[in-house]
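Remarks on the structure that follows.
Please read these numbers as outputs of a predicted model, since none were measured by experiment.
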Amino acid sequence: MTFDPFDPQWWQAGSSLNWWDSALNPDPPFYASPRDDAERRFTAHMETYVALLRLVHQYRTATTGQLHDLDPRAPQRADALTWMDLLALGLIDVGYPINVGGGQAVTPRYASFMAVRLPKHRRIERDLRQLGVPPMWMASFAPGSLRGMRQYDRHNLICTRLAIAANDKGYDTLGEAWGRFDLICHDEAMGMGGPDLIVFSQTIDCIELTASANQALQAKFDRWARVLAHPGCERVHVTWLAADPDDGLLSPLTGLSATYPRMHAGLARDWADTLRAGDGHGPHGTAPAQPGWMRGDMDRVARAMGFASSAGWRMPDLFTVFDRP
């Protein structure tokens with residue numbers, strides 16, 4: 001059965017999955033790989049394994065099928081050796097849908113799908129260093145502690161679904177781990193909160209997924225207004241997407257968005273099909289060229305190491321992935 005995070009059948013027991021938590025279980029589950037074999041394969045295929053962990057960290061929670069859609073190197077099958085190796089090494093938690101009708105499946109071979117996250121109750125930086133991951137690769141992870149983070153599973157899986165929809169139409173995306181106001185504004189004073197998803201085109205579209213309204217909603221709009229007014233954020237737009245089961249949030253989100261510049265509102269499931277908010281706004285065109293976008297930072301690194309500049313340094317592909325010809 002194809003997994004659709006918008007389908008209410010998966011959330012009859014609430015917005016969370018049934019997780020095998022590596023921090024709460026001293027030994028891996030019986031279906032995980034033998035640890036020695038897992039370590040050997042991790043060492044042999046370290047670049048791929050680290051890339052997948054980087055992807056999981058960025059999008060917080062995703063099914064193995066979703067991760068395959070984001071990066072073909074990620075095995076689609078839940079029982080693939082790659083996932084079983086990472087599980088054996090304590091580098092991921094795995095989650096399964098809760099069946100309220102009985103007959104709970106908690107193995108990758110028999111469950112309808114398997115989700116992956118970094119361990120929620122422990123950090124994995126030390127594990128990665130002990131496995132020999134180079135410092136440059138460690139630095140390539142999105143900011144923040146390398147552990148599972150906040151939000152309900154339904155929320156994260158819908159966000160990942162939206163990223164896949166944007167990728168399928170040719171737009172680059174960054175997951176929640178990169179969605180920080182201080183990075184968007186290039187200003188540490190703006191803080192570390194931020195959007196759930198960023199979509200790059202001629203505009204920079206920040207997606208805020210909302211499944212409930214409370215007294216803080218107005219404050220969130222006000223904070224985003226300060227971000228949009230920040231120098232350098234002229235291309236930034238915010239799209240508020242309602243993800244509540246009965247679509248009751250669309251009206252208040254639309255009303256609030258109409259009172260602010262460059263804010264838009266719509267239904268999450270509609271955006272996944274059209275990439276358009278209710279007022280028609282959405283990503284369009286291609287992102288403008290940003291050659292050498294990180295050269296200034298590398299010049300500062302060079303000067304700190306006693307060089308005049310980084311002019312003769314070859315930039316790793318990792319740092320030029322968003323450059324455009």
Side chains of Phe141 and Leu118: closer than 4.5 Å at any heavy-atom pair? no

Going by the side chain to side chain donor-acceptor pair (under 3.5 Å) test, which pairs reach into residues 245-258, not counting sequence neighbours? Asp247-Arg269

So NE2 of His237 and CD1 of Ile204: to nearest 0.5 Å the spacing works out to 9.5 Å

Do Asp21 and Arg117 sit within salt-bridge range, that is, some charged N less than 4.0 Å from a carboxylate O? yes

With sequence neighbours left out, the residues meeting side chain to side chain contact (heavy atoms under 4.5 Å, CB included) with Pro134 are Met46, Trp137

Answer yes or no: are there more than 12 heavy-atom neighbours, outside Tyr260 itself, under 6.0 Å from its atom OH? yes

side-chain contact (heavy atoms from CB on, under 4.5 Å) between Leu253 and Phe221, worked out: CA-CA 10 Å; Leu253 290 176; Phe221 272 80; 4.1 Å; yes

Quick check: do Ser33 and Arg41 have side-chain heavy atoms less than 4.5 Å from each other? yes

Quick check for you: to the nearest 0.5 Å, what is the distance between Thr63 atom OG1 and Trp10 atom CH2? 10.5 Å

Which atom pair, heavy atoms only, marks the closest approach of Ser112 to Pro97? CB-CG, 4.3 Å

Heavy-atom side-chain proximity of Leu67 to Leu52 below 4.5 angstrom: no

Interatomic spacing from CD1 in Ile164 to NZ in Lys169 - rounded to 0.5 Å: 14.0 Å

Rounded at 0.5 Å granularity, tell me how far CG in Asp182 sits from CE in Met190. 9.5 Å

Could you list the cluster mates of Ile98? Members are the ILVMFWY residues connected by side-chain heavy atoms closer than 4.5 Å, either directly or through other members. none

Step by step, work out the side-chain contact (heavy atoms from CB on, under 4.5 Å) result for Tyr59 and Gln66. CA-CA 10 Å; Tyr59 288 97; Gln66 287 180 326; over 6 Å; no

Residues forming a side chain to side chain contact (heavy atoms under 4.5 Å, CB included) with Thr274, sequence neighbours excluded: Arg276

side-chain contact (heavy atoms from CB on, under 4.5 Å) partner of Leu87, chosen from Thr82, Asp93, Ile92: Ile92

Compare every heavy atom of Arg303 with every heavy atom of Ala308, then report the nearest pair and how far apart it is. O-CG, 3.7 Å

With sequence neighbours excluded, tell me which residues meet ring-ring contact (aromatic ring centres under 6.0 Å, His included) with Tyr49. Phe42

Is the closest side-chain heavy-atom distance between Trp240 and Leu249 below 4.5 Å? no

Can a side-chain donor-acceptor contact be found between Ser309 and Asp299 if the only test is distance below 3.5 angstrom? no

Donor-acceptor side-chain pairing of His45 and Asp85 below 3.5 angstrom: no

Quick one: CG on Asp127 to CG on Leu89, what's the gap to the nearest 0.5 Å? 8.5 Å

Where Phe6 and Leu162 come nearest, the two heavy atoms and their spacing: CZ-CD2, 4.4 Å

For Thr61 and Ala115, the nearest pair of non-hydrogen atoms, with its separation, is CG2-CB, 4.2 Å

Decide yes or no on side-chain contact (heavy atoms from CB on, under 4.5 Å) for Ser140 and Arg54, but give the supporting numbers first. CA-CA 8 Å; Ser140 70; Arg54 192 162 54 229; 2.7 Å; yes

Identify which one of Lys220, Gln218, Arg226 satisfies the side chain to side chain donor-acceptor pair (under 3.5 Å) criterion when paired with Asp222. Gln218

Take atom CD of Glu47 as the centre, draw a 6.0 Å sphere, and report whether it contains more than 12 heavy atoms from other residues, nucleotides or ligands. no

Smallest separation among heavy atoms of Gln104 and Asn99, with atom names: OE1-N, 2.9 Å

How long is the gap from CZ on Arg73 to NE2 on His68, to the nearest 0.5 Å? 12.5 Å

If the condition is side chain to side chain contact (heavy atoms under 4.5 Å, CB included), which residues does Arg129 pass it with, not counting sequence neighbours? Glu125, Arg126, Met138

Is there a donor-acceptor contact under 3.5 Å linking the side chains of His264 and Asp205? no

Decide yes or no for Tyr31 and Pro108: does some side-chain heavy atom of the first lie under 4.5 Å from some side-chain heavy atom of the second? yes

